[in-house]
J.: 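Got a structure for you, written out below as structure tokens; questions coming shortly.
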Amino acid sequence: MIIQTAPPGEPRRAVMMHEHTALSGQFARAFGNDRFDPLAPLDLMIYVISHHDAGWSEFDCDPATDETTGLPYNLVETPARYITVTSRLSPDFNARQHPYCGLMSSMHSWGLYNGRYGLSNLVLIDKIPPQERPLAERMLEGELERQKRLKDEIKKDPQTSGRLGEARLFQNYKQLQFCDTLALYFNRVHPGERAQQSFEHVPLNATEDATITLRPQGSDTYSLSPFPFTADGAEFAFGGRPIKPNQHQITGGWPEVLKHAPTEWESFRLVAA
């Protein structure tokens, strides 16, 4: 679950991970133009980007409480005993759709703990307390073993066997990371607090990357340079639910709070700079 920032005294917006990945999937469907190669294999990449955090589904319905905030744990602040389970369940889910979906999801899980394969300065495993680190290490070892098994299966499929070369494989991985981190930009931060941000290592093709700069323009509009999508001015949206600290103590737990909280939608437009 993502707990979006809010102005002082205002409710926080709880964004379920399926709402986060749904926004990621919208970006995946829109990605590509004359400068940026579109996703390929298209159906499989749209599927895994739209479900890359599916392992959070059960935990999001009944989240643990962060005692320092009185709210559900916010994404990477979730303790290892919970987040390592979601990191394993997401590839489980995607592998049932197709081995290539499972491979991309497994790489995503492994990469989150290891600086996204060197593409990010955030190394999640460094945030895990030493006494809980063996949980993460066992999970990560399991994901590397999973990736070997899935690659053996993918080699047998003509549709995906050609994607196993490192350049094409990481082109897909970086496309997933861009759709994920762009969605996080909107999911995590209240509109009034959003600022300019750069997204590095966005693949133009299998061998070249670009850095995309996003700038708020007002009126729910954001510019991107260079622009990676097909349609200039496309509109995107995501949902979330307003919650307050310790609200679960009054209404019978977070499942009841989340069940009865109204869904609030935010929409925005992305335009070429």
Side-chain angles (χ1 to χ4, degrees), residues 1-33 35-36 38-39 42-43 45-54 56-57 60-61 63 71-72 74-76 108 175-199 202 210-244 247 254 257-273:
M1 184 178 294
I2 298 166
I3 307 298
Q4 192 184 72
T5 63
E10 293 294 320
R12 304 283 291 275
R13 179 177 291 172
V15 180
M16 302 283 202
M17 296 308 283
H18 72 265
E19 292 165 325
H20 159 68
T21 57
L23 179 59
S24 302
Q26 293 174 48
F27 295 146
R29 289 177 176 85
F31 188 88
N33 53 35
R35 187 169 181 186
F36 290 83
L39 303 177
L42 181 60
D43 290 347
M45 285 302 298
I46 287 177
Y47 185 89
V48 67
I49 292 174
S50 300
H51 298 89
H52 66 270
D53 285 324
W56 285 84
S57 179
D60 268 0
C61 291
L71 296 164
N74 188 8
L75 198 54
V76 297
H108 178 71
Q175 289 168 333
L176 166 55
Q177 301 317 298
F178 172 65
C179 293
D180 175 39
T181 54
L182 182 60
L184 287 172
Y185 172 88
F186 291 99
N187 297 151
R188 294 180 65 186
V189 182
H190 184 270
E193 300 176 16
R194 291 177 190 150
Q196 177 176 315
Q197 183 167 322
S198 294
F199 298 84
V202 183
T211 295
I212 293 177
T213 301
L214 179 151
R215 296 181 177 88
Q217 300 295 320
S219 302
D220 302 318
T221 300
Y222 301 79
S223 68
L224 295 171
S225 178
F227 191 72
F229 298 117
T230 304
D232 188 355
E235 185 171 299
F236 303 88
F238 68 95
R241 294 156 187 77
I243 60 173
K244 298 178 180 179
Q247 189 177 358
W254 289 119
V257 173
L258 297 167
K259 179 180 178 181
H260 292 101
T263 300
E264 297 179 343
W265 288 89
E266 179 188 343
S267 61
F268 55 90
R269 295 172 61 248
L270 299 181
V271 300

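All values reported here derive from a predicted model rather than from experimental measurement. Starting from 1, each residue takes its place in the sequence as its number.
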J.: To the nearest 0.5 Å, what is the distance between CD1 (Ile243) and CZ (Arg13)?
T.: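 With rounding to 0.5 Å, CD1 (Ile243) is 11.5 Å from CZ (Arg13).
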
J.: Atom OH of Tyr222 and atom CZ of Arg194: how far apart are they, to the nearest 0.5 Å?
T.: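 Atom-to-atom, Tyr222:OH and Arg194:CZ are 4.0 Å apart.
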
J.: For the side chain of Thr5 and the backbone of His190, is there at least one donor-acceptor N/O pair under 3.5 Å apart?
T.: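 Looks like yes, one N/O pair under 3.5 Å.
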
J.: Quick check for you: to the nearest 0.5 Å, what is the distance between Phe178 atom CZ and Ile212 atom CD1?
T.: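 Rounded to the nearest 0.5 Å, the CZ-CD1 separation comes out at 4.0 Å.
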
J.: With heavy-atom distances below 4.5 Å as the criterion, would you say the side chains of Arg241 and Thr263 are in contact?
T.: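 Counting from C-beta outward, Arg241 and Thr263 do come under 4.5 Å.
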
J.: Using the rule side-chain contact (heavy atoms from CB on, under 4.5 Å), only one of Asp232, Asp220, Thr221 pairs with Arg269; which is it?
T.: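 The residue from Asp232, Asp220, Thr221 that satisfies side-chain contact (heavy atoms from CB on, under 4.5 Å) with Arg269 turns out to be Thr221.
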
J.: For a quick check under 3.5 Å, do Asp60 and His18 share a side-chain donor-acceptor pair by atom type?
T.: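 Result is no, nothing qualifies.
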
J.: For residues Pro242 and Ala261, report the shortest heavy-atom separation together with the two atoms involved.
T.: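 Residues Pro242 and Ala261, closest heavy atoms: O-CB, 3.9 Å.
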
J.: How many angstroms lie between atom NE2 of His20 and atom CG of Leu75, to the nearest 0.5 angstrom?
T.: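 Result: 7.5 Å between the selected atoms.
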
J.: Just do the side-chain contact (heavy atoms from CB on, under 4.5 Å) check on Asp53 and His108 with the steps written out, would you?
T.: CA-CA 9 Å; Asp53 285 324; His108 178 71; 3.9 Å; yes

J.: Pro72 and Ile3: which non-hydrogen atoms are nearest, and at how many Å?
T.: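 Here Pro72 and Ile3 meet closest at O-CG1, 3.5 Å.
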
J.: Evaluate the side-chain proximity of Thr181 to Gln197: yes if any heavy-atom separation is below 4.5 Å, no if none is.
T.: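 They are not in contact (no side-chain heavy atoms under 4.5 Å apart), so the answer is no.
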
J.: Looking only at atom types and distance, does a side-chain atom of Gln4 sit under 3.5 Å from a main-chain N or O of Val15, one as donor and one as acceptor?
T.: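 Judged by distance alone, no pair lies under 3.5 Å.
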
J.: Quick check: closest heavy atoms across Ala6 and Pro11, and the distance to 0.1 Å?
T.: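 For Ala6 versus Pro11, the nearest heavy atoms are CB-O, 3.3 Å.
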
J.: Give the minimum heavy-atom separation between Trp254 and Leu71, together with the two atoms involved.
T.: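 Heavy-atom minimum between the residues: CZ2-CA, 3.8 Å.
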
J.: Please find out if less than 6.0 Å separates the ring center of Phe186 from that of Phe238.
T.: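 Ring centres of Phe238 and Phe186 not closer than 6.0 Å.
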
J.: Working to the nearest 0.5 Å, report the span between CD1 of Ile49 and CZ of Phe27.
T.: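 Output value for this atom pair is 11.5 Å.
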
J.: Please report the closest heavy-atom contact between Cys61 and Pro63, naming both atoms and the distance.
T.: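 Taking Cys61 first and Pro63 second, the nearest heavy atoms are C-CD, 3.7 Å.
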
J.: Kindly give the heavy-atom pair with the smallest separation between Asn33 and Pro228, and that separation in Å.
T.: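 Asn33 and Pro228 have their closest heavy atoms at ND2-C, 3.4 Å.
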
J.: Go through the steps to decide whether Phe36 and Phe227 satisfy the test side-chain contact (heavy atoms from CB on, under 4.5 Å), and finish with yes or no.
T.: CA-CA 9 Å; Phe36 290 83; Phe227 191 72; over 6 Å; no

J.: Report yes if some heavy atom in the side chain of Leu42 is under 4.5 Å from a heavy atom in the side chain of Pro38; otherwise report no.
T.: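 They are not in side-chain contact.
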
J.: Between Ser223 (side chain only) and Val271 (backbone N and O only), is there a donor and an acceptor less than 3.5 Å apart?
T.: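 No, because the side chain of Ser223 does not come within donor-acceptor range (under 3.5 Å) of the backbone of Val271.
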
J.: Less than 4.5 Å apart, any side-chain heavy atom of Trp56 and any of Thr21?
T.: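 Trp56 vs Thr21: side chains apart.
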
J.: So how far is it from Glu19 CD to Ile2 CD1, rounded to the nearest 0.5 Å?
T.: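 Taking CD in Glu19 and CD1 in Ile2, the distance rounds to 9.5 Å.
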
J.: Evaluate the side-chain contact (heavy atoms from CB on, under 4.5 Å) criterion for residues Arg12 and Lys244: first the C-alpha distance (whole Å), next the side-chain angles of each, then the deciding distance (0.1 Å), finally the verdict.
T.: CA-CA 6 Å; Arg12 304 283 291 275; Lys244 298 178 180 179; over 6 Å; no

